[in-house]
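First the structure, in the form of structure tokens, and then the observations on it.
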Amino acid sequence: MTTIDQSVDTPVRKSVTVKASAQRAFEVFTAGFDSWWPRSHHIGKSPMKKAIIEGKVGGRADSEQEDGTDCPWGEVLVWEPPLRFVLAWKINPDWTYQPDVSKSSEVEVRFTPESNGMTRVDLEHRHFERHGEGAGSMRTAVDSTGGWGSLLEMFKARAEQTP
């Protein structure tokens, strides 16, 4: 009998407060995704040229590769600028594309205005169980060094730069 790792039911939650309006933070995270997302973080077969989140429900989350191919890795499920969006994380635990949204986890990012022009950005990566076997390793990877915590710090540095 196969046992399921119960930790896969626990979302990964990370937060950062940025010195920027919610509008600016949302725009940098989404339309400006390529300006802060590291080139090392992609699932394409050749080096990544550009990272994209398309701003609409059903929009693509993918990367353009140096060999001219597009590498899909997600889809926009909810689009509510400048307060939140949700992506289907269409990446298998072996770091390949999974086109079936029912087998994808979700990443929700919320932007909450705070005092003094600050914005709290809360990221929740959830539904790892949908990945099936290997879900625990996926959860561990996005919660580790180089995962969402480090990525939010890269985002923060970019969001706080003068536009």
Side-chain angles (χ1 to χ4, degrees), residues 5-43 48-64 71-91 93 95 98 101-131 135-163:
D5 180 358
Q6 295 303 312
S7 71
V8 300
D9 291 336
T10 306
V12 170
R13 293 183 178 100
K14 304 291 181 186
S15 296
V16 67
T17 300
V18 299
K19 188 175 183 175
S21 68
Q23 181 70 38
R24 164 105 175 123
F26 188 93
E27 287 174 1
V28 169
F29 204 109
T30 58
F33 189 63
D34 185 59
S35 71
W36 64 271
W37 190 259
R39 293 296 182 256
S40 58
H41 284 49
H42 69 91
I43 60 170
M48 183 175 72
K49 184 169 73 173
K50 185 175 183 181
I52 299 163
I53 294 178
E54 195 173 41
K56 63 181 182 179
V57 171
R60 65 190 178 128
D62 70 6
S63 58
E64 294 175 1
C71 182
W73 58 266
E75 177 183 339
V76 177
L77 302 175
V78 177
W79 188 255
E80 298 174 356
L83 300 178
R84 81 187 260 262
F85 71 94
V86 179
L87 295 174
W89 179 265
K90 295 181 165 186
I91 301 174
W95 301 98
Q98 167 52 262
V101 74
S102 72
K103 295 179 181 178
S104 302
S105 53
E106 292 179 357
V107 178
E108 178 174 7
V109 186
R110 292 184 171 271
F111 302 83
T112 305
E114 295 196 335
S115 61
N116 299 322
M118 306 290 276
T119 300
R120 190 180 73 247
V121 180
D122 297 303
L123 182 144
E124 180 179 276
H125 193 153
R126 60 186 177 237
H127 298 307
F128 292 99
E129 72 280 359
R130 293 178 184 171
H131 291 292
S137 65
M138 170 71 74
R139 187 193 180 285
T140 297
V142 301
D143 196 27
S144 67
T145 302
W148 286 122
S150 300
L151 294 167
L152 282 180
E153 289 301 322
M154 291 177 196
F155 155 74
K156 177 182 178 171
R158 180 68 181 118
E160 291 181 348
Q161 289 177 351
T162 305

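One-based numbering along the sequence shown.
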Just how far is it from atom OG1 of T112 to atom CE of M118, taken to the nearest 0.5 Å? 13.0 Å
If you define the side chain from C-beta out and look only at heavy atoms, does anything of E108 sit under 4.5 Å from L123? no
Mind checking the CD-CG spacing from E54 to D62? Nearest 0.5 Å is all I need. 8.0 Å
Go through the steps to decide whether E106 and R130 satisfy the test side-chain contact (heavy atoms from CB on, under 4.5 Å), and finish with yes or no. CA-CA 10 Å; E106 292 179 357; R130 293 178 184 171; 3.4 Å; yes
Side chain to side chain, L77 and L87, heavy atoms closer than 4.5 Å: no
Which heavy atom in P11 sits nearest to a heavy atom in E124, and how many Å separate them? CB-CG, 3.7 Å
Can you tell me how far the CZ atom of F29 sits from the CD atom of E27, to the nearest 0.5 Å? 14.0 Å
Nearest heavy-atom contact between W36 and R158 is CB-CB, 3.7 Å
S63 and H42 have their tightest heavy-atom pair at OG-CB, 4.3 Å
How far apart are the closest heavy atoms of V8 and F128, and which atoms are they? O-CB, 3.4 Å
Show your working on ring pair (Phe, Tyr, Trp, His ring centres under 6.0 Å) between F26 and W79 and close with a plain yes or no. CA-CA 11 Å; F26 188 93; W79 188 255; 5.0 Å; yes
From CD (E80) to CZ (F85), nearest 0.5 Å: 11.5 Å
How many angstroms lie between atom OG of S35 and atom CE of M154, to the nearest 0.5 angstrom? 12.5 Å
How close do A159 and A20 get, heavy atom to heavy atom, and via which atoms? O-CB, 3.8 Å
Indicate yes or no: at least one non-hydrogen side-chain atom of F111 is less than 4.5 angstrom from one of D122. no
Using side-chain heavy atoms (C-beta onward) and a distance below 4.5 Å, is L83 in contact with Q23? no
Counting N and O atoms only, with roles assigned by atom type, does the side chain of S21 sit under 3.5 Å from a partner on the main chain of R24, one being a donor and the other an acceptor? yes
side-chain contact (heavy atoms from CB on, under 4.5 Å) assessment of K103 paired with H131: CA-CA 5 Å; K103 295 179 181 178; H131 291 292; over 6 Å; no
Could you please spell out the steps behind the side-chain contact (heavy atoms from CB on, under 4.5 Å) verdict for V16 and E153? CA-CA 7 Å; V16 67; E153 289 301 322; 3.8 Å; yes
Between the main-chain N or O of H41 and the side-chain N or O of W37, is there a donor-acceptor pair closer than 3.5 Å? yes
One should read off an interatomic distance between F155 CZ and S150 OG, to the nearest 0.5 angstrom, of 15.0 Å
Ignoring hydrogens and geometry, is there a side-chain-to-backbone donor-acceptor pair from R139 to T10 under 3.5 Å? yes
Would you say that M138 contacts W89 through its side chain, given a criterion of any heavy-atom pair below 4.5 Å between the two side chains? yes
No-hydrogen, no-angle side-chain donor-acceptor test under 3.5 Å, R120 and T17: no
Going by an N to O cut-off under 4.0 Å, is there a salt bridge joining E75 and R60? no
Out of H125, H127, R126, E129, which residue meets the side chain to side chain donor-acceptor pair (under 3.5 Å) rule with S105? H125
Verdict with reasoning, D34 to E64, per side-chain contact (heavy atoms from CB on, under 4.5 Å): CA-CA 10 Å; D34 185 59; E64 294 175 1; over 6 Å; no
Smallest separation among heavy atoms of P38 and M48, with atom names: O-CE, 3.6 Å
Side-chain touch V86/V107, heavy atoms, less than 4.5 angstrom: no
